[in-house]
Amino acid sequence: MNRTCYAGEVNDCLLGKKVTLCGWVQRQRDLGGVIFIDLRDRSGIFQIVFEPESCEEELLRIAKNIRSEFIIEVVGIIRKRSNPNPNLPTGYLEMLASELTLLNESETPPFLITDNTDAKEDLRLVYRFLDLRRPFLQKNVIFRHEVVKAIREFLYKEGFIEIETPMLIRSTPEGARDYIVPSRIYQGKFYALPQSPQLFKQLSMIAGFDKYFQIARCFRDEDSRSDRQPEFTQLDLEMSFVNEEDIYDITERLFCNIFKTCLNVNIQTPFQRISYLKALTEYGTDKPDIRFEMKIEDYSDLFKESSFPVFQKTIEDSGRILGIKIADGSNYSRKEIENLQEWMKEQQRSFRLQETGFIWLKSNNQEIQGTIKKYVSITEASLLNGRIKETDLLVLLAGKESEISSQLGVLRNHIAKTAKLIDKNDFKFCWITDFPLFKWNEEEQKIETEHHPFTQPNMDDYREGYLSEEKEKALKCRARCYDLVLNGIELSSGSIRNHDPKIQYKILEIIGMSKAEIDRRFGFLLDALKYGAPPHGGIAPGIDRLVMIMLGLDSLRDVYAFPKTSTGLCLMTKAPSEVDKEQLAELGINLVSKNVEKKETG
RNA sequence: GGGGUUGUAGUUCAGUUCGGUUAGAAUGCCGGCCUGUCACGCCGGAGGUCGCGAGUUCGAGUCUCGUCGGCCCCGCCA
């Protein structure tokens, strides 16, 4: 290695010194006599100058033929620039070259390698190795490394043991679709790629490792989104002899440490705790963004005698009239209010939601104005004046509670975004607690687990007999389960697990598995629980999402070195691909042609 | 499985309404000139399977049907 320092790290200390830089040519500017080359490496850009007065002819000849993305090694003296470039951190210095080695040429790249490149993302994904040269992605990839490093260092200090768990595992029937891998030795049988190391981390606890973690790759064969990739990384963490408080404590200290180390941001602790029901009632979602207030409030009582037909109907149908107050919304123009109405309608149409009227009211000198002004009685007006300020704009929806509260939840986020209520540098965590253990699947008419079937029920509810096949009882049973939400995005779920095999059996039975099926699929786990399983629990924060939020980005693809498209393709390697007939034959696999399938089903 | 949107020089786009001569621009690339640029400048040049395949038509980048990609979203994601 001849390089003596990185391009972005050249500073005053090196003035007058001879240094060697290696890297890529960002740009060459040949002014006829003097030639400039901007050299780029992962640290930044530095200007090299070649002068006819002080450079040999051969050196000038090589420099003249240098093109973008050529790889060069250059030696020279660092000096101050007579006309600094304020746009570059190193713009006040330059190197007067004395030696130049062309290490490799480059074809003209298909797109400009700078942060404000004009190429579209699909092209950049084909040439991801070029895209990754852009400072933006270099910064993201390195930042991600810093986050993972901070996590490891913190957990090592806390006495956690890093354990690798297998990638080729038994297919688990519950939850997301598995990626499956055919077995050659056992034809007709398949491994699955893990959706998470869930069972192995529990088994690690039973094995006595006490505090486990892993930066684990997880695979789920479901459709992607901008915040979802088919393979993703979790910090998987589990501890024995713990309750919820222990998990909250270690998680809060971990995140404080990550944000302090990587962003120099102080995170407020303890994280606010919000029960699942309260989250749904006040925020209309189980992943509330608590960076702003604007909570959902119930106005049903206020309008119970209303002369407005829609309200009358709603009250009759035991629906609700819910609303949010937009602070400083009273000065919204007609146009702004219309835009909100239009946006709401659009949402309802495209998500096929119940179409409710959009009602707005405001108070001006004690006088109520708005869509249903003429229906507001004197009593109602005075009650309203007690609840809204002159600066507020009140938006009301009437209908079935579950529907309108989630719509208000979405509206709440929309307003916060458009009214710029959110500070980009604000990070607010909260715990969502007291989730139900089960939920009702209307389509299949069966009970399912809300989180996963290894979550322990709330022991009070267990003693009340709610752990039952009876739907009414089961749906009342709370779980020892918690979500960690950051800025309105679900970062993580965790729970205290079942260590009592009887309870574990019961839960699997309630979700409709026969004893034989339980033994076949989860026999190893239930066996393990019988041989001295300690109480244990854990959590598994998503690293990709965490890094995305920390960097203020909207797309997960910007925090993966090598992401897939929204349809699960790797445009660079063209995966997935067909395989040789021989490979399939070895696995005992016959392909069913797509056309045949179409004929049969059509 | 469904909805929306998109595909034209290497790249980003215009042209599609209402079919009609040789498909344009910017940028990049190549050549020449240029001694302080930094998105260098000036002059010149090359560069096109209009995603692919059928169809309608005297004639299709433009209309119809199919198909293959990209992006966003619903469903799905214990």
Side-chain angles (χ1 to χ4, degrees), chain A residues 26-39 45-55 60 64-65 67-69 81-88 90-92 94 96 106-127 130 172-178 195-196 198-199 218-230 232 346-353 410 435 437-439 441 443 447-455 479 481 490 493 495 507-508 511 540 542 554-555 557 564-569 571 574 594-595 601:
Chain A
Q26 180 67 38
R27 200 166 205 99
Q28 182 254 35
R29 291 179 295 278
D30 180 353
L31 272 63
V34 68
I35 297 169
F36 297 97
I37 287 178
D38 290 338
L39 181 87
I45 286 176
F46 197 75
Q47 175 170 288
I48 322 288
V49 61
F50 301 79
E51 293 175 342
E53 293 81 6
S54 43
C55 294
L60 288 166
K64 212 172 177 56
N65 291 312
R67 294 290 179 271
S68 291
E69 300 309 313
R81 284 172 61 166
S82 51
N83 46 352
N85 178 1
N87 301 321
L88 274 185
T90 60
Y92 66 104
E94 68 184 5
L96 177 61
S106 166
E107 286 186 15
T108 303
F111 55 88
L112 204 60
I113 299 177
T114 66
D115 278 350
N116 47 8
T117 185
D118 55 2
K120 283 188 289 194
E121 196 177 16
D122 51 340
L123 182 78
R124 290 191 281 114
L125 285 171
V126 174
Y127 296 95
L130 296 180
T172 51
E174 298 293 316
R177 204 176 289 117
D178 283 328
Q195 295 181 25
S196 80
Q198 180 62 34
L199 293 174
C218 306
F219 304 87
R220 292 179 193 173
D221 188 2
E222 299 291 346
D223 292 350
S224 302
R225 287 284 190 284
S226 56
D227 63 349
R228 230 159 64 189
Q229 283 267 314
F232 60 99
E346 187 59 42
Q347 291 286 310
Q348 291 170 341
R349 261 198 306 270
S350 61
F351 298 154
R352 297 201 181 86
L353 296 168
V410 178
F435 278 88
L437 186 60
F438 299 109
K439 66 182 171 204
N441 184 325
E443 261 172 48
I447 297 175
E448 287 179 348
T449 48
E450 170 81 28
H451 182 51
H452 61 51
F454 315 110
T455 302
C481 165
E490 185 190 318
S493 281
S495 62
I507 290 172
L508 293 169
I511 60 175
D554 298 318
S555 171
R557 289 185 296 274
K564 293 185 171 54
T565 66
S566 68
T567 46
L569 297 173
L571 295 180
K574 298 194 174 69
K594 229 182 176 179
N595 294 333
T601 53

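Quick caveat, the model's predicted, so the values are computed rather than measured. Letters go in sequence order (proteins before strands), and every chain restarts at 1.
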Checklist entry - Quick one: does A:Glu448's side chain have a donor or acceptor within less than 3.5 Å of a partner on A:Ile511's backbone? => result no
Checklist entry - For B:rG7, what is the paired nucleotide under Watson-Crick or G-U wobble rules, both distances under 3.5 Å? => result B:rC68
Checklist outcome for this item: Testing B:rC71, B:rC73, B:rG36 for proximity to the side chain of A:Val34, the answer is B:rG36
Checklist outcome for this item: Sorted by position of nearest nucleotide on RNA chain B, 5' first, the leading residue of A:Gly33 and A:Asn83 is A:Gly33
Checklist entry - Contact class for A:Glu450 vs. all strands (heavy atom < 4.0 Å): base, sugar-phosphate, or nothing? => result sugar-phosphate
Checklist entry - Counting only distance, no hydrogens or angles, is the base of B:rC77 paired donor-acceptor with the side chain of A:Arg228 under 3.5 Å? => result yes
Checklist entry - Do A:Phe111 and A:Arg124 pass the side-chain contact (heavy atoms from CB on, under 4.5 Å) test, and can you show the C-alpha distance, the side-chain angles, and the key distance before you say yes or no? => result CA-CA 8 Å; A:Phe111 55 88; A:Arg124 290 191 281 114; 3.9 Å; yes
Checklist outcome for this item: Sorted by chain and number, sequence neighbours left out, ring pair (Phe, Tyr, Trp, His ring centres under 6.0 Å) with A:Phe454 holds for A:His452, A:Phe522
Item to check | Residues forming a side-chain contact (heavy atoms from CB on, under 4.5 Å) with A:Asp38, sequence neighbours excluded | outcome: A:Gln26, A:Arg27, A:Arg29, A:Ile45, A:Gln47
Checklist entry - Are any side-chain N or O atoms of A:Arg220 and backbone N or O atoms of A:Gln195, one a donor and one an acceptor, separated by less than 3.5 Å? => result yes
Checklist entry - Does a nitrogen or oxygen in the side chain of A:Arg177 sit under 4.0 Å from OP1 or OP2 of B:rG75? => result no
Checklist outcome for this item: Whole-Å distance, A:Leu31 CG to B:rC34 P, equals 11 Å
Next on the checklist: Can you tell me how far apart CD (A:Glu51) and CG (A:Leu96) are? Round to the nearest 0.5 Å.
Outcome noted: 5.0 Å
Checklist outcome for this item: Across all chains, not counting sequence neighbours, the side-chain contact (heavy atoms from CB on, under 4.5 Å) partners of A:Ser224 are A:Pro230
Item to check | Side chain of A:Arg81 (C-beta onward), nearest among B:rG69, B:rC74, B:rU37 | outcome: B:rU37
Next on the checklist: With nearest nucleotide decided by heavy atoms, which residue, A:Gln47 or A:Gly568, maps closer to the 5′ end of RNA chain B?
Outcome noted: A:Gln47
Checklist entry - Can you check side-chain contact (heavy atoms from CB on, under 4.5 Å) on A:Ile507 and A:Phe438, steps first, answer last? => result CA-CA 9 Å; A:Ile507 290 172; A:Phe438 299 109; 4.2 Å; yes
Interface polar pairs with nucleotides 7-12 of chain B, N/O, under 3.5 angstrom:
{"from": "B:rG10", "atom 1": "O2'", "to": "A:Pro110", "atom 2": "O", "distance (Å)": "3.3"}
{"from": "B:rU11", "atom 1": "O4'", "to": "A:Pro110", "atom 2": "O", "distance (Å)": "3.4"}
{"from": "B:rU11", "atom 1": "O2'", "to": "A:Asp118", "atom 2": "OD1", "distance (Å)": "2.9"}
{"from": "B:rU12", "atom 1": "OP1", "to": "A:Lys120", "atom 2": "N", "distance (Å)": "2.9"}

Item to check | C1' spacing across the pair B:rG61 / B:rU21, given as an integer number of angstrom | outcome: 16 Å
Item to check | Atom pair distance, as rounded to whole Å: NZ in A:Lys439 and P in B:rC77 | outcome: 7 Å
Checklist entry - Could you state the CG-C1' distance from A:Asp227 to B:rC73, rounded to the nearest angstrom? => result 11 Å
Item to check | Distance between P atoms of B:rC58 and B:rG47 (Å, rounded) | outcome: 34 Å
Checklist entry - So A:Ile447 and A:Asn441, side-chain contact (heavy atoms from CB on, under 4.5 Å) or not? Walk me through it. => result CA-CA 6 Å; A:Ile447 297 175; A:Asn441 184 325; over 6 Å; no
Just the table, please: protein N/O against nucleotides 44-48 of chain B N/O, every pair under 3.5 Å.
none

Checklist entry - Within the structure shown, what part of the strands sits under 4.0 Å from A:Leu88 by heavy-atom distance: base, sugar-phosphate, or nothing? => result nothing
Checklist entry - When you compare B:rG59 with B:rG44, how far apart are their P atoms, in angstrom units rounded to a whole number? => result 40 Å
Item to check | Pair partner, B:rC58 [Watson-Crick or wobble, under 3.5 Å] | outcome: B:rG20
Next on the checklist: Distance check needed: B:rU37 P versus A:Leu96 CG, whole Å only.
Outcome noted: 17 Å
Next on the checklist: If the cut-off is 4.0 Å, is A:Thr567 near the phosphate of B:rG70, judged by side-chain N/O to OP1 or OP2?
Outcome noted: yes
Checklist entry - When you compare B:rU22 with B:rG31, how far apart are their P atoms, in angstrom units rounded to a whole number? => result 33 Å
Next on the checklist: With a sphere of 6.0 Å drawn around OH of A:Tyr127, does it hold more than 12 non-hydrogen atoms of other residues, nucleotides or ligands?
Outcome noted: no
Item to check | C1' gap between B:rG15 and B:rG48, integer Å | outcome: 14 Å
Item to check | Listed nucleotide nearest any side-chain atom of A:Arg67, set B:rC38, B:rC72, B:rG31 | outcome: B:rG31
Checklist entry - In whole angstrom, what separates A:Arg225's CZ from B:rC77's C1'? => result 9 Å
Checklist entry - Which listed nucleotide (B:rG36, B:rC72, B:rG70) is nearest to the side chain of A:Arg557? => result B:rC72
Item to check | Pairwise C1' distance for B:rU64 and B:rA60, with rounding to whole Å | outcome: 11 Å
Item to check | Gap in Å between the two C1' atoms, one belonging to B:rC13 and one to B:rC76, rounded | outcome: 36 Å
Checklist entry - When we call it a touch if two heavy atoms are under 4.0 Å apart, what does A:Glu490 touch: a base, just sugar-phosphate, or nothing? => result nothing
Next on the checklist: Output the rounded distance in Å from CG (A:Asp30) to P (B:rC42).
Outcome noted: 16 Å
Next on the checklist: Under 4.0 Å from OP1 or OP2 of B:rG28: is there any side-chain N or O of A:Ser68 that close?
Outcome noted: no
Checklist entry - What's the CG-C1' distance between A:Asn85 and B:rC38, to the nearest Å? => result 5 Å
Next on the checklist: Rounding to an integer number of angstrom, what distance separates B:rA9 and B:rG51 when you compare their C1' atoms?
Outcome noted: 15 Å
Checklist entry - So, is A:Thr565 close to the B:rG70 phosphate, meaning a side-chain N or O under 4.0 Å from OP1 or OP2? => result yes
Item to check | With sequence neighbours excluded, residues passing salt bridge (charged side-chain N to carboxylate O under 4.0 Å, His left out) with A:Lys64 | outcome: A:Asp30
Next on the checklist: Heavy atoms from C-beta onward define the side chain here; which of B:rC73, B:rC29, B:rG70 lies closest to that of A:Leu571?
Outcome noted: B:rG70
Item to check | Distance in angstrom units between A:Arg29 CZ and B:rG28 P, rounded | outcome: 13 Å
Checklist entry - Quick check: does any side chain N or O of A:Gln229 sit under 3.5 Å from a backbone N or O of A:Lys564, one acting as donor and the other as acceptor? => result yes
